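The shown structure was predicted, so the numbers you read here are calculated from the model rather than taken from an experiment.
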Amino acid sequence: MNHAAQIWVDADACPVAIKEVLFRAAEREQVQVTLVANQWLRTPPSRFIRAIQVPGGFDVADTEIVQRVAVDDLVVTQDIPLASLVIGKGALAMHPRGELYTAETIAQRLGMRNFMDELRGAGVDTGGPAAFHPRDKQAFANQLDRWLTRRRQAR
């Protein structure tokens, strides 16, 4: 890691429990955490935590993140196309449930997402995601700790 890798959060749909994990990590590890959303976000007072409010509109927050992300940064998002774009820029992407998207897995995830979109477009009820569970928060925290450890070792 040739710069101080930081964390970008696609914050409009990010669960509050995950934001809290990130806020604690920002202070503990002194890592910059930036939340990007098209609404105003309350953040704790910290020199390591900031929020960027972008105008409303389709993919405006995603575009902002893609423009700012750097190699080795971490992007927290549920958005598969955004994850694909940041991986293409050399960053890492992680789902708030702890799944690390990789260059090896993102094509499959994009294909599945597109297939599900087609089903929904044809009127098939595909259901929504499962409720966010404490085990999801733990899986995220564990994956985040692995990224933070690699970041520490690279400095």
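Residues Val21 and Val31 are members of one and the same hydrophobic cluster, defined by side-chain heavy-atom contacts under 4.5 angstrom among Ile, Leu, Val, Met, Phe, Trp and Tyr. Taking hydrophobic clusters as Ile, Leu, Val, Met, Phe, Trp and Tyr residues chained together by side-chain heavy-atom distances below 4.5 Å, Val36 does not share a cluster with Phe48.
Asp79 places a side-chain N or O within donor-acceptor distance of the main-chain N or O of Leu82, the cut-off being under 3.5 Å. Ser84 places no side-chain N or O within donor-acceptor distance of the main-chain N or O of Ile80, the cut-off being under 3.5 Å. Side chain of Asn38 to main chain of Pro55: no donor-acceptor pair is present (N/O by atom type, distance under 3.5 Å, no hydrogens or angles). The main-chain N or O of Tyr101 is never found under 3.5 Å from a side-chain atom of Thr105 such that the two would form a donor-acceptor pair. Here the side chain of Lys89 pairs no donor or acceptor atom with the backbone of Val71 at under 3.5 angstrom.
Closest approach of Lys137 to Phe132, counting heavy atoms only: N-CZ, 3.8 Å. Contact between Ala5 and Trp147 at its shortest, heavy atoms only, is CB-CZ2, 3.8 Å. Ile52 and Trp8 make their closest contact through CD1-CZ3, 4.3 Å (heavy atoms, listed as atom of the first residue, atom of the second, distance). Scanning both residues, Leu41 and Ala37, for their nearest heavy atoms gives CD1-CB, 3.5 Å. Shown here for Asp136 and Ala131, the closest heavy-atom pair between the two residues is OD2-O, 3.8 Å. Across Ala91 and Ala70, no two heavy atoms sit closer than the pair CB-O, 3.6 Å.
The CD atom of Glu64 lies 13.0 Å from the CG atom of Asp59; values are rounded to the nearest 0.5 Å. Here Leu35 contributes atom CG and Arg42 contributes atom CZ; the two are 13.5 Å apart, rounded to the nearest 0.5 Å. In this structure, the separation between OG1 on Thr34 and CD1 on Ile7 is 9.5 Å, given to the nearest 0.5 Å. For the atom pair CD (Glu104) and CD1 (Ile87), the distance works out to 9.0 Å, reported to the nearest 0.5 Å. Expressed to the nearest 0.5 Å, how far OG of Ser46 lies from CD of Gln32 amounts to 8.0 Å. Separating the CE atom in Met94 from the CD atom in Gln78 is a distance of 13.0 Å, to the nearest 0.5 Å.
Ile18 has its side chain out of reach of Phe23: every pair of non-hydrogen atoms, C-beta onward, lies at least 4.5 Å apart. You'll find the side chain of Gln39 reaches within 4.5 Å of the side chain of Asp12, heavy atoms only. Between Val75 and Ile65 there is a side-chain heavy-atom pair separated by less than 4.5 Å.
When each of Arg28, Arg24, Arg150 is paired with Asp145, the salt bridge (Lys or Arg N to Asp or Glu O under 4.0 Å) condition holds for Arg28 and for no other. Applying the side chain to side chain contact (heavy atoms under 4.5 Å, CB included) test between Gln143 and each of Leu74, Leu92, Leu100 identifies Leu100 as the sole match.
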Exercise for review: Dump the intermediate steps for side-chain contact (heavy atoms from CB on, under 4.5 Å) on Val66 and Val86, then the final yes or no.
Suggested key: CA-CA 6 Å; Val66 170; Val86 300; 4.2 Å; yes
Exercise for review: Mind running side-chain hydrogen bond (donor to acceptor under 3.5 Å, both in side chains) on His133 and Arg135 for me, showing each step along the way?
Suggested key: CA-CA 5 Å; His133 191 273; Arg135 73 177 164 267; 3.2 Å; yes
Practice item. Evaluate the side-chain contact (heavy atoms from CB on, under 4.5 Å) criterion for residues Leu85 and Asp62: first the C-alpha distance (whole Å), next the side-chain angles of each, then the deciding distance (0.1 Å), finally the verdict. Key: CA-CA 9 Å; Leu85 291 170; Asp62 297 358; 6.0 Å; no
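Note on Arg152 versus Glu29: salt bridge recorded, some NZ/NE/NH1/NH2 to OD/OE distance being below 4.0 Å.
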